K.L.:
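There's a structure below that I have some questions on.
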Amino acid sequence: MEARLNLFANPLAGKILRHINSAGKAVTDSALPAATQELVKIRASQINGCGMCLDMHTKDAAKAGETSLRLNLIAAWREAKVFTDAERAALELTEQGTRISDASGGVTDEAWARAAEHYDEEQLTALVGLIAVINTYNRLNVITQQPAGDYEPGMFG
């Protein structure tokens with residue numbers, strides 16, 4: 001599979017990616033738990049069908065110590081007993097924030113309230129920012145058909 005655009009060689013793409021990466025770094029450096037961040041990235045990428053992001057974030061999560069059981073059950077988080085209530089709230093917010101057009105009201109007050117039970121304002125800000133950033137990356141990669149399978153943890157810095 002060949003990508004439609006080489007996002008790594010195109011100067012304008014480089015400028016765009018640097019800004020998105022800066023937003024992502026702000027989230028990475030936040031108080032939102034790292035494991036939750038990876039779960040969110042993986043779930044949004046599953047919904048959006050982004051192979052490149054799934055390749056990257058499942059490998060990064062595994063390298064950071066995430067279990068294969070939890071990684072394999074992310075798409076079925078509602079039925080899985082392996083996620084905390086806080087993680088479930090983050091995954092619910094991720095799904096609703098990713099599927100905005102599927103619901104007439106966007107993210108429900110109930111989903112927001114469940115997330116707010118587990119995360120303070122800084123963490124909620126990071127969670128919302130993360131959902132936005134991963135959806136941006138998913139869209140860039142899906143539109144340009146970036147291939148998946150060759151990612152090695154840490155290869156992008």
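Note that the coordinates shown come from a computational prediction; the quantities given were computed from them, not determined experimentally. As a basis for the values below, the full set of heavy atoms in this structure was taken, side chains included, without hydrogen atoms, waters or symmetry mates.
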K.L.:
How close do Ala44 and Ile134 get, counting heavy atoms only, and between which atoms?
P.N.:
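Distance-wise, the nearest heavy atoms are CB-CG2, 3.6 Å.
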
K.L.:
Taking Tyr119 for the side chain and Ala86 for the main chain, is one N or O donor matched with an acceptor at less than 3.5 Å?
P.N.:
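Side chain of Tyr119 to backbone of Ala86: a pair is present.
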
K.L.:
Could you give the distance from CG (Leu124) to NE2 (His118), rounded to the nearest 0.5 Å?
P.N.:
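Here the interatomic distance stands at 10.5 Å.
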
K.L.:
Looking only at side-chain N and O atoms, does Gln123 offer a donor or acceptor that is under 3.5 Å from a partner on Ser30?
P.N.:
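Checked: Ser30/Gln123 side chains show no N/O donor-acceptor pair below 3.5 Å.
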
K.L.:
Check whether any side-chain heavy atom of Leu39 sits under 4.5 Å from a side-chain heavy atom of His57, and report yes or no.
P.N.:
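In short, these two side chains do not touch, never coming nearer than 4.5 Å.
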
K.L.:
Please report the closest heavy-atom contact between Ala61 and Leu71, naming both atoms and the distance.
P.N.:
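Here Ala61 and Leu71 meet closest at CB-CD2, 3.8 Å.
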
K.L.:
Please report the closest heavy-atom contact between Leu54 and Ile42, naming both atoms and the distance.
P.N.:
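Of all heavy-atom pairs spanning Leu54 and Ile42, the closest is CD2-O, 3.6 Å.
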
K.L.:
What orientation do Tyr151 and Phe156 show, parallel under 30°, tilted 30 to 60°, or perpendicular over 60°?
P.N.:
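Plane angle between 30° and 60°, so tilted.
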
K.L.:
To the nearest 0.5 Å, how far apart are CG in Asn138 and CD in Gln146?
P.N.:
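Reported value, rounded in 0.5 Å steps: 12.5 Å.
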
K.L.:
Can you name the nearest heavy-atom pair linking Val82 to Arg70, along with the distance?
P.N.:
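For Val82 and Arg70, the tightest heavy-atom pair comes out as O-NH1, 2.7 Å.
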
K.L.:
In the structure I gave you, are the side-chain heavy atoms of Leu140 and Ile20 within less than 4.5 Å of one another anywhere?
P.N.:
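In contact.
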
K.L.:
Report the C-alpha separation of Arg114 and Glu117 in whole Å, then their side-chain angles, then the decisive distance to 0.1 Å, and conclude whether the salt bridge (charged side-chain N to carboxylate O under 4.0 Å, His left out) test is met.
P.N.:
CA-CA 5 Å; Arg114 279 188 284 279; Glu117 288 175 17; over 6 Å; no

K.L.:
Between atom NZ of Lys41 and atom CD1 of Ile131, what is the distance when rounded to the nearest 0.5 Å?
P.N.:
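Result: 12.5 Å between the selected atoms.
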
K.L.:
Using the side chain to side chain contact (heavy atoms under 4.5 Å, CB included) rule, take Thr94 and Leu130 through it: C-alpha gap first, then chi angles, then the decisive distance, then the call.
P.N.:
CA-CA 9 Å; Thr94 300; Leu130 178 58; over 6 Å; no

K.L.:
How far does OG1 of Thr98 sit from CD1 of Ile47, to the nearest 0.5 angstrom?
P.N.:
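Rounded to the nearest 0.5 Å, the OG1-CD1 separation comes to 5.0 Å.
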
K.L.:
When you look at CG of Asp29, are more than 12 heavy atoms from neighbouring residues, nucleotides or ligands closer to it than 6.0 Å?
P.N.:
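Yes - once you tally the heavy atoms of other residues, nucleotides and ligands closer than 6.0 Å, there are more than 12.
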
K.L.:
Less than 4.0 Å between a side-chain N and a carboxylate O, is that true for Glu38 and Lys59?
P.N.:
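Salt bridge absent between Lys59 and Glu38.
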
K.L.:
Would you name the heavy atoms of Ile74 and Gln46 that are closest together and state the gap between them?
P.N.:
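Shortest heavy-atom contact: CG2-OE1, 3.6 Å.
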
K.L.:
Any chance the side chains of Trp77 and Glu92 put a donor and an acceptor closer than 3.5 Å?
P.N.:
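Their side chains do not contain a donor-acceptor pair, so the 3.5 Å distance test is not met.
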
K.L.:
Does the side chain of Ile16 come within less than 4.5 Å of Leu7's, by heavy atoms?
P.N.:
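Sidechains of Ile16 and Leu7: no contact.
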
